[in-house]
K.L.:
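One structure is given below, represented as structure tokens, and several questions about it will come after.
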Amino acid sequence: MDVMGDKATLLETGRFVQSSDRDETGEAAEEARQRLAAEAGDTEAMSVLGAMLLRRGDLDGAEPQLRAATAAGDRAAANNLGVLLHQRGYADEAAGWWRIAAVAGSAAAAHALGRYHRERGDEPAAEYWLRQSAEQGHALGAYALADLLEHRSDVGAEQWMRAAAERGHREAAYRLARRLDRKAADAGRGDNGVIGVIGAAGEEAEQWYRQAAARGHRRAALHLGAILEKRGHLKEAGRWYLTSAKDGEARAACALGFLLRDAGDTESAAVWWLRAAQDGDGNAANALGALHAERGETQTAERWYRAAMDAGDVNGAYNLGLLCAEQGRTAQAEQWYRRAAYAGHREAANALAILLLQVGDSAGAEPWFSKAAEAGSVDAAFNLGILHAGRGTEDDEEAALRWYERAAAAGHTEAALQVGIARLRDGNELEAERHLRCAAGGGSAEAAYRLAAVLDARRPPAPAHELGEPAQEKSECEEWYERAASQGHRRAQVRVGMLAAARGDVVEAARWYRSAAEAGSRNGAFNLGLLLAREGSEPEAALWWTRAADAGHGRAALRLALVYARRGELAEGQRWADRAVALGPAEVAERAARLRDALRQELSA
């Protein structure tokens, strides 16, 4: 049992002497003194001597002393005799002596008797005696009672767990902290499932974690470190992780490794991950695998991923799949993805579906996408949308939109863009704008461009400006165009150039037109040519119009035909006019045809 004697009673009577500051010689002298007194018939000495021998493990020497003291009515001796008999394997006889001591008022005996009855399934008797012990202020009794009540989901469990914790029971302090932690999480969890403000329960939980950790509870130190890390107190979190890890908590060693890695100390991180992985922590084994994979040490990485898998961490199989896929070992990648996917790993299911899709097995990919999406994979939901959209039927388009909406609701940028495009197509501009804003805010250049176009169509026409006039303040639509343009969106770059030109900002307009043109935009090249021509740089303008016309821009071809006609190079002008007729559009083709005919007549004259 946990206690060998009623320590509180012994302290009160002065018959128990703490030995922390005494050396072996002093203990031997005390034992000799108590033995002389016991041989003279002193009941108290018999009880103390029996307790001393029991603590030392001398059961044969302790038993006659305790029996003699018990016969003389010493309750502490009765309790210790019960402990001795329990250690010898005589549990029923031990319970008899505990009952005698408990009836006489021994809280420790009541605790031991309560545990005896619980081990035999007699919960009513167990609760009675544990309550007797707890109500006398016995920490172990309070903890055992709380454990019993918690097992039955009794609301009184917390009261007694708190009582035990307040009396210094470290496991009670830890379990009370865990209970309060769960309350704080439930109270702070909003409708979307996100943990919110920690609140009073969370603050109290932290205090109990601190008390348990300070008393050497390694799991309490782990949880305290996690709370502090989440709060950003990394140094203190690291100290508690270190304390817990040194006491053998593998999860703390793993967490300490991540903390060190984030601080840039990968070598120290690897040391703690190795320690945790050797103690069976799959997460640490995965971290070691990733570290070696980054260094190009694929064989070592594979070994650690396998170790993670052997430790029961399904991420190990998924990471093995990723490693094999990167090396082009498709068959093995599929094998590991399947293993992880069958174990419920949603990202492995998504990766397996992508792999199947790449080899043309869309029928095999779809159920894995569905399984991953139903398990919460946002990427899988988006991929399902792509899969349905590619089939082209009306039903598939509706299914695609449903999956896009699901992914968009979870924050998927490209899915939000697709929903926005679909809503624009349906004429629902407000819904389209909402989704385009989400996608643009998430970094989609196409969404930023389309959002700008929506806003652009709404705004009243701006007053005309001559080139070189002071620029006006930019509108919101221009800001979105610029965001898309800065991300390399060519149409947005052209549009920003046009808006800058409309404001009279020639330099800005030329800069954006040039960016678009150099990226391959034929409209950018054409507009840059117009700008240069207006500024008197027709030769350079012709170069950009040539680039645009070669890319299929009919108006650029017509401009070139006019340039060469003015220069007197009629044959070249006729060639570009023919090109403009072929490229169109209709208005350009008509003008180009008239110019071509005129040049032909001039050449034949």
K.L.:
First locate atom CE of Met46, then atom CG of Leu66, and finally report the distance between them rounded to the nearest 0.5 Å.
P.N.:
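It comes to 11.0 Å.
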
K.L.:
Would you check, one step at a time, whether the test side chain to side chain contact (heavy atoms under 4.5 Å, CB included) holds for Trp336 with Leu323?
P.N.:
CA-CA 10 Å; Trp336 293 118; Leu323 191 67; over 6 Å; no

K.L.:
Quick one: pull up CG in Leu49 and CG in Leu54 and give me the separation to the nearest 0.5 Å.
P.N.:
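Atom-to-atom, Leu49:CG and Leu54:CG are 11.0 Å apart.
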
K.L.:
Is there a side-chain contact between Arg218 and Leu222 (heavy atoms, below 4.5 Å)?
P.N.:
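In short, these two side chains do not touch, never coming nearer than 4.5 Å.
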
K.L.:
Is there a donor-acceptor pair under 3.5 Å between the side chain of Tyr241 and the backbone N or O of Ala226?
P.N.:
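Indeed, once roles are kept as given, a pair shorter than 3.5 Å links the two residues.
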
K.L.:
Test of understanding: with side chain to side chain donor-acceptor pair (under 3.5 Å), list the residues that count as partners of Glu63, not counting sequence neighbours.
P.N.:
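Result, side chain to side chain donor-acceptor pair (under 3.5 Å) vs Glu63: Arg67, Arg88.
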
K.L.:
I'd like to check Trp97 versus Leu84 (side-chain heavy atoms, cut-off strictly below 4.5 Å). Are they in contact?
P.N.:
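Sidechains of Leu84 and Trp97: no contact.
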
K.L.:
Not counting sequence neighbours, which residues clear side chain to side chain donor-acceptor pair (under 3.5 Å) with Glu334? List them please.
P.N.:
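So Glu334 forms a side chain to side chain donor-acceptor pair (under 3.5 Å) with Arg338.
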
K.L.:
What I want to find out is whether Arg402 reaches Glu405 closely enough, with some N-O distance under 4.0 Å, to be called a salt bridge.
P.N.:
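Salt bridge between Arg402 and Glu405, a charged N being under 4.0 Å from a carboxylate O: no.
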
K.L.:
Can you measure from CZ (Arg179) to CD (Glu150) and round to the nearest 0.5 angstrom?
P.N.:
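So the CZ of Arg179 and the CD of Glu150 are separated by 5.0 Å.
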
K.L.:
Please lay out, stage by stage, how Arg152 and Glu127 fare under the test salt bridge (charged side-chain N to carboxylate O under 4.0 Å, His left out).
P.N.:
CA-CA 11 Å; Arg152 297 203 309 243; Glu127 182 180 351; 2.6 Å; yes

K.L.:
Hey, does Arg115 have a side-chain heavy atom less than 4.5 Å from the side chain of Leu113?
P.N.:
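Contact flag for Leu113/Arg115 side chains = no.
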
K.L.:
Could you tell me whether a side-chain N or O of Thr243 sits under 3.5 Å from a main-chain N or O of Arg239, the two making a donor and an acceptor?
P.N.:
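Yes: the side chain of Thr243 pairs with the backbone of Arg239.
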
K.L.:
Go through the structure and list residues passing ring pair (Phe, Tyr, Trp, His ring centres under 6.0 Å) with Phe382, not counting sequence neighbours.
P.N.:
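Scan of Phe382 (ring pair (Phe, Tyr, Trp, His ring centres under 6.0 Å), adjacent residues dropped) gives Tyr404, His412.
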
K.L.:
Should Arg231 and Glu203 count as an ion pair when the cut-off is N to O under 4.0 Å?
P.N.:
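A salt bridge is absent here (no side-chain N lies under 4.0 Å from a carboxylate O).
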
K.L.:
Where do Arg118 and Trp129 land on the side chain to side chain contact (heavy atoms under 4.5 Å, CB included) test, with the steps shown first?
P.N.:
CA-CA 10 Å; Arg118 188 177 181 189; Trp129 288 110; over 6 Å; no

K.L.:
Mind running salt bridge (charged side-chain N to carboxylate O under 4.0 Å, His left out) on Arg182 and Glu158 for me, showing each step along the way?
P.N.:
CA-CA 13 Å; Arg182 286 190 291 270; Glu158 185 175 327; over 6 Å; no

K.L.:
In terms of side-chain heavy atoms, does Asn315 have a donor or acceptor partner in Tyr305 at a distance below 3.5 Å?
P.N.:
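Absent: no donor and acceptor within the cut-off.
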
K.L.:
Nearest 0.5 Å, please: how far is CD1 in Ile100 from OG in Ser106?
P.N.:
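Spacing of OG (Ser106) from CD1 (Ile100) equals 12.0 Å.
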
K.L.:
Could you go through the side chain to side chain contact (heavy atoms under 4.5 Å, CB included) check for Trp304 and Leu274 one step at a time?
P.N.:
CA-CA 10 Å; Trp304 281 114; Leu274 178 61; 3.5 Å; yes

K.L.:
Give a yes or no answer on whether the side chain of Trp98 reaches the backbone of Asn79 with a donor-acceptor pair at less than 3.5 Å.
P.N.:
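Indeed, once roles are kept as given, a pair shorter than 3.5 Å links the two residues.
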
K.L.:
Is there side-chain contact between Leu140 and Ser133, with heavy atoms separated by less than 4.5 Å?
P.N.:
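Contact flag for Leu140/Ser133 side chains = no.
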
K.L.:
Might you work through the side chain to side chain donor-acceptor pair (under 3.5 Å) test for Tyr143 and Arg167, ending with a clear yes or no?
P.N.:
CA-CA 10 Å; Tyr143 173 72; Arg167 289 169 187 140; over 6 Å; no

K.L.:
Counting C-beta onward and ignoring hydrogens, is there a side-chain heavy-atom pair between Asp92 and Arg120 closer than 4.5 Å?
P.N.:
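Counting from C-beta outward, Asp92 and Arg120 do come under 4.5 Å.
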
K.L.:
Provide the closest heavy-atom pair for Ser47 versus Ala76 in the form atom of the first, atom of the second, distance.
P.N.:
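Nearest pair, atom of Ser47 first, then Ala76: OG-CB, 4.1 Å.
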
K.L.:
As a quick check of understanding, evaluate side chain to side chain contact (heavy atoms under 4.5 Å, CB included) for Asn350 and Phe369, giving each step before the final call.
P.N.:
CA-CA 5 Å; Asn350 181 56; Phe369 277 139; 3.2 Å; yes

K.L.:
I'd like to know if the side chain of His233 reaches the main chain of Glu236, judged simply by a donor and an acceptor atom lying under 3.5 Å from each other, with no hydrogens or angles considered.
P.N.:
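It does not hold such a pair.
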
K.L.:
Roughly how far, to the nearest 0.5 Å, is the CD atom of Gln327 from the OG1 atom of Thr298?
P.N.:
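Output value for this atom pair is 4.5 Å.
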
K.L.:
According to ring pair (Phe, Tyr, Trp, His ring centres under 6.0 Å), who are the partners of Trp272, at least two apart in sequence or on a separate chain?
P.N.:
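Trp272 satisfies ring pair (Phe, Tyr, Trp, His ring centres under 6.0 Å) with no other residue.
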
K.L.:
Output the distance between atom CG (Leu149) and atom CG (Leu130), rounded to the nearest 0.5 Å.
P.N.:
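That separation rounds to 9.0 Å.
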
K.L.:
Between Asp313 and Gly282, which heavy-atom pair has the shortest distance, and what is it?
P.N.:
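Between these two residues, the closest heavy atoms are OD2-C, 3.4 Å.
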
K.L.:
Could you tell me whether the side chain of Glu206 and the main chain of Gly202 form a donor-acceptor pair under 3.5 Å?
P.N.:
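Looks like no, no N/O pair under 3.5 Å.
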
K.L.:
Please check if any side-chain donor atom of Gln207 sits under 3.5 Å from a side-chain acceptor atom of Gln211, or the reverse.
P.N.:
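On atom types as modelled, these side chains do not qualify, holding no pair under 3.5 Å.
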
K.L.:
Considering only NZ, NE, NH1 and NH2 on the basic side and carboxylate oxygens on the acidic side, decide whether Glu31 and Arg35 come within less than 4.0 Å.
P.N.:
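Salt bridge: yes.
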
K.L.:
For the CZ atom on Arg406, are there more than 12 heavy atoms of other groups (residues, nucleotides or ligands in this structure) within a distance under 6.0 Å?
P.N.:
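Counting other residues, nucleotides and ligands, CZ of Arg406 exceeds 12 neighbours.
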
K.L.:
Testing the basics here: between Ala415 and Ala407, what is the closest heavy-atom pair and its distance to 0.1 Å?
P.N.:
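Smallest heavy-atom distance, with atoms named: CB-CB, 3.5 Å.
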
K.L.:
Write down the atom of Met309, the atom of Ala317, and the distance for their closest heavy-atom approach.
P.N.:
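Scanning both residues, the minimum pair turns out to be SD-CB, 3.8 Å.
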
K.L.:
List the steps and the verdict of salt bridge (charged side-chain N to carboxylate O under 4.0 Å, His left out) for Glu166 and Arg162.
P.N.:
CA-CA 6 Å; Glu166 288 171 348; Arg162 188 182 298 276; 5.1 Å; no

K.L.:
For the side chain of Arg215 and the backbone of Arg170, is there at least one donor-acceptor N/O pair under 3.5 Å apart?
P.N.:
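Here the side-chain-to-backbone pair does not exist.
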
K.L.:
Of all heavy-atom pairs between Tyr116 and Ala91, which one has the smallest distance, and what is that distance?
P.N.:
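Closest approach of Tyr116 to Ala91, heavy atoms only: CE1-O, 3.6 Å.
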
K.L.:
Tyr174: which residues meet the ring pair (Phe, Tyr, Trp, His ring centres under 6.0 Å) condition with it, sequence neighbours left out?
P.N.:
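With neighbours one apart ignored, the set is His217, His223.
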
K.L.:
When you check the gap from the basic side-chain N to the acidic O, do Glu171 and Arg178 get nearer than 4.0 Å?
P.N.:
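The answer is no: the pair does not qualify as a salt bridge.
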
K.L.:
Stepwise, does the salt bridge (charged side-chain N to carboxylate O under 4.0 Å, His left out) test hold for Arg329 with Glu302?
P.N.:
CA-CA 13 Å; Arg329 295 152 59 191; Glu302 185 170 337; 3.6 Å; yes

K.L.:
Nearest heavy-atom pair of Ala348 and Ala340: which atoms, and what distance?
P.N.:
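Looks like CB-CB, 3.5 Å.
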
K.L.:
Name all residues meeting the side-chain contact (heavy atoms from CB on, under 4.5 Å) criterion together with Ala284; count only those two or more places apart in sequence or in a different chain, and write none if there are none.
P.N.:
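Expected list: Cys254, Trp273, Ala276, Ala277, Asp281.
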
